[in-house]
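So the structure is just underneath, and the comments pick up after that.
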Amino acid sequence: MGHSHSFPELKFRKLSVLLSTSIQFFFLQMMKFAWDNYKQYALGKNELRPLTKNGHIGNMFGGLRGATVVDALDTLYIMELEEEFQEAKKWVEKSFDLNVNGEASLFEVNIRYIGGLLAAYYLTGEEVFKSKALELGEKLLPAFNTPTGIPRGVINLGSGMSWSWGWASAGSSILAEFGTLHLEFLHLSELSGNPVFAEKVMNIRKVLNRVEKPQGLYPNFLSPVTGNWVQHHVSIGGLGDSFYEYLIKSWLMSDKKDSEAKKMYDDALEAIEKHLVKKSAGGLTYIAEWRGGILDHKMGHLACFSGGMIALGAEHAGEERKQHYLDLAAEITNTCHESYARSDTKLGPEAFRFDAGTEAMATRLSERYYILRPEVVESYMYMWRLTHDPKYRQWGWEVVKALEKHCRVEAGFSGIRDVYTTTPTHDNMQQSFFLAETLKYLYLLFCEDDVLSLDDWVFNTEAHPLPVNHTNFKASVQ
């Protein structure tokens, strides 16, 4: 699996005449604008602050730099922005320093940096991306040195010391964090020939299989010491979200051989549908959050990836279940679209509620912001690929117009603090995932299906494409 030529050729076909290439060209312009401003004002920092025209480092990546560079590599490549891709590659070769000292989120470093480097390697075959991914992967391993093998959430990339997030209850690890390593770590073992990465994530799965699930649900917090749940809070939004996504994607990436992952996904989805999926008085289907048996009728923007996930899983359910899940996926995606359509900016809030007569709208000031998040357009992309209903492209185009109108500023794109006012305040942050995910999914929504075909590629939770292993999956999980 070590060479790029063993992968399906990326085919960049012209869009159908009907759409013309002008829409695609539009996305290239958006991406180029986001990248050029990052390069001009913030190259080597993690993110661009587009209002103040400077860079932001933040404290999530433990001293690593260039998050936007690594996150943008594959998007630049598939959009054929060759000059910009070469600029990014050159930065990785010359300036990307892994010898850093600082507190890093295991989860964020894995999905953005390892995911971005792996995807860039698989798309291009350039060895520099592979060697950096493997070197960084090694630095994450000490986080797994716990009594259960469930990793702690924070690691010092220099010393290897690891600990739990201060705010996570009772020193626990977070489901979405330790449950979102599987895809990348299998590839690290595949590329290095070192089984340790695959062993670490297979062990996490073993612990999760062993522990009792309340009503079949997976709570968000697990103790890395005892291997027991710390509190019974369940969410398909933040803290839980990508764990479920990686179950179905692990199965797909294994060329449908990892039946354990498929069974875990099917069982989890059944429990979610039984306990958390609700319909509002106005007929909107949503996924509530569960706190020790009490439902909180809110849905986060992060949970809006679930329409796409359920549609992806539906493809492979039995015939009678297939339509059921496609319908459920379409309903959830429609609800997420409503959260956008009901705002003055036509962009959706961070979280929206279904109570006291409010439907699909944020009620709290603290939930009204939009930070260039991708989950809603991610679901549009999957729904388009799996149904070819033209409304998904129409909805995607509405998002593009809203981004251009409300988020484009003089030197990049910025999140906004309140989606319910047409004169929004900008938050002065061009998130790296805007280039990795939001713009990539929008672009793919308007591409032919064979550009990063879902038969050959699986997207990690930062939209970095990893190849389906059409050959020897068994070897990497024994």
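Because the structure is predicted, anything quoted here is derived from the model rather than measured. Along the sequence shown, residues are numbered consecutively beginning with 1.
- Evaluation of the side-chain contact (heavy atoms from CB on, under 4.5 Å) rule for Thr52 yields Arg49, Asn54, Asn428 as partners, not counting sequence neighbours.
- Electrostatic pairing of Lys39 and Glu84 does not count as a salt bridge here, judged by no charged N lying under 4.0 Å from a carboxylate O.
- Among residues two or more places apart in sequence or in another chain, the salt bridge (charged side-chain N to carboxylate O under 4.0 Å, His left out) test is passed with Glu177 by none.
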Would you list the atom pairs, donor with acceptor, under 3.5 Å between side chains in residues 353-370 and any protein atom, with sequence neighbours excluded?
{"residue": "Arg353", "atom": "NE", "partner": "Glu367", "partner atom": "OE1", "Å": "3.3"}
{"residue": "Arg353", "atom": "NH2", "partner": "Glu367", "partner atom": "OE2", "Å": "3.1"}
{"residue": "Glu359", "atom": "OE1", "partner": "Ser280", "partner atom": "OG", "Å": "2.9"}
{"residue": "Glu359", "atom": "OE1", "partner": "Gly282", "partner atom": "N", "Å": "3.4"}
{"residue": "Glu359", "atom": "OE2", "partner": "Ser280", "partner atom": "OG", "Å": "3.3"}
{"residue": "Glu359", "atom": "OE2", "partner": "Ala281", "partner atom": "N", "Å": "3.3"}
{"residue": "Glu359", "atom": "OE2", "partner": "Gly282", "partner atom": "N", "Å": "2.9"}
{"residue": "Arg368", "atom": "NH1", "partner": "Asp418", "partner atom": "OD2", "Å": "3.3"}
{"residue": "Tyr370", "atom": "OH", "partner": "Arg373", "partner atom": "N", "Å": "3.3"}
{"residue": "Tyr370", "atom": "OH", "partner": "Arg373", "partner atom": "O", "Å": "2.9"}

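- With sequence neighbours excluded, the residues forming a side-chain contact (heavy atoms from CB on, under 4.5 Å) with Ser235 are Asn220, His233, Glu289, listed by chain and number.
- Side-chain N/O atoms of Glu47 and His56 include no donor and acceptor closer than 3.5 Å.
- Every residue meeting the side-chain contact (heavy atoms from CB on, under 4.5 Å) condition with Asp389, not counting sequence neighbours, appears here in chain and number order: Thr387, Lys391, Tyr392.
- When only modelled atom types and interatomic distance are considered, Tyr340 and His301 share a side-chain donor-acceptor pair under 3.5 Å.
- Sorted by first then second residue, the disulfide bond (SG atoms under 2.5 Å apart) pairs that include residues 23-92, not counting sequence neighbours, number zero.
- By the salt bridge (charged side-chain N to carboxylate O under 4.0 Å, His left out) test, Asp36 pairs with Lys32, sequence neighbours left out.
- Here disulfide bond (SG atoms under 2.5 Å apart) pairs that include residues 324-408, with residues two or more places apart or in two chains, are Cys304-Cys336.
- By the side-chain hydrogen bond (donor to acceptor under 3.5 Å, both in side chains) test, Asn228 pairs with no residue at all, sequence neighbours left out.
- Geometric assessment of Arg408 against the ring of Phe33 yields a positive cation-pi assignment under the 6.0 Å and 45° thresholds.
- In terms of the side-chain hydrogen bond (donor to acceptor under 3.5 Å, both in side chains) criterion, His426 has no residue partners (sequence neighbours excluded).
- Remark: Glu437 pairs with no residue by the salt bridge (charged side-chain N to carboxylate O under 4.0 Å, His left out) rule, at least two apart or across chains.
- Partners of Lys90 under the salt bridge (charged side-chain N to carboxylate O under 4.0 Å, His left out) rule, at least two apart in sequence or in another chain, do not exist in this structure.
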CA sep, side-chain torsions, deciding dist, call: Phe459, Tyr441, ring pair (Phe, Tyr, Trp, His ring centres under 6.0 Å): CA-CA 10 Å; Phe459 292 94; Tyr441 285 134; 5.8 Å; yes
